[in-house]
Amino acid sequence: MGGKKVLTQGRFLAEGAHTTMLVSKRFVAFVVTCVAVLAGGSAAMAATGQPTPWQIGLQPAATPVMSDIIWFHDFLLWIIAAIALFVLALLVVVMVKFNARANPVPSRTTHNTTIEVIWTVVPVVILVAIAVPSFRLLFYQLDVPKADITVKATGKQWFWTYTYPDNQFEFDSLMVQDKDLKPGQPRLLAVDNEMVVPVNKVVKVLTTGADVIHSFAVPSFGIKIDAIPGRINETWFRAEREGRYYGQCSELCGRDHAFMPIVVHVVSEQDYAAWVDQAKKKYATDNSPRPTAVAAAGGLQ
Ligand SMILES: [Cu+2]
């Protein structure tokens, strides 16, 4: 009887060990898959200018401002991680070395000049180390360089109107409905008439609102600026790669707030010139009332 029990127990233990090994193997496989998906995902999204499944970081940068934002984000992450680990280590030391059992007679120390100077000076140094790149980035974002082209984006309930004041035309940009999506067009992000700009040129974006406050935001450009009725805000970007970059209204503006995406199509200078020629005819602003219906989709495909 006793022997059988031991045997059963032994088999149970062996089975247990086998299961543990299987689980840990599966766990390793899971982690490897996750890493592969994340690495593959980030490589795939490098060119997309839109969010991707399983994305955990910021969208890849398409402008120098966004590159700096990503650098600053990562820099802060290291500092935060170091501080959190340091505080955790201190807590562990306190719990292990100075609990009532390990340290029955507590020290009666109340002041220690050296440590007080250190815990005042070190945080100041850390804050200065954060403030310097932070202010530099802020000025870089806010100080608009000499613009090559200007585009005015007017937020409306619930679409955007883009005006090209240098070329005297403007057009409305509405979200493509699910049933009208063409292959490759991302759902809830694609629009019928995209804002087209040339690559490597400084684009000044003026924003305003026609009804309520909207916000013009394109993550991979590192821009987000409120579009406020009655005033003009400005921001800028210089896209370094051609492609389509997607954004969304980022100020709660009413029922269809989630359905007024932004698409900036960055093209070569020649393609931009060709598009302007075509757009001038297609969207010419004259004094006759503009049809409210949006001109048929077209332009650069
Ligand atoms: Cu809006």
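Just follow the structure's listing: the first ligand is 1, and inside any ligand the first atom is 1. Keep in mind that the numbers below use all heavy atoms, side chains included, and drop hydrogens, waters and symmetry copies.
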### Query
Angle class for the Trp275/Tyr283 ring planes (parallel below 30°, perpendicular above 60°, tilted otherwise)?
tilted

If only atom types and distance count, is the side chain of Thr63 paired as donor or acceptor with the main-chain N or O of Met66 below 3.5 Å?
yes

The SG(Cys253)-the Cu ion (ligand 1)-SG(Cys249) angle, to 10°, is 120°

Inset, instruction - Taking the six-membered ring for Trp and the single ring otherwise, decide whether the centroids of Phe221 and Trp236 are under 6.0 Å apart. - result: no

### Message
Within the 3.5 Å criterion, strictly below it, is a donor on Lys156 or Thr161 matched to an acceptor on the partner's side chain?
### Response
yes

Task: His257 near the Cu ion (ligand 1) via N/O/S, less than 2.8 Å - done: no

Taking the Cu ion (ligand 1) as the apex, His214 ND1 and Met260 SD span an angle, rounded to 10°, of 90°

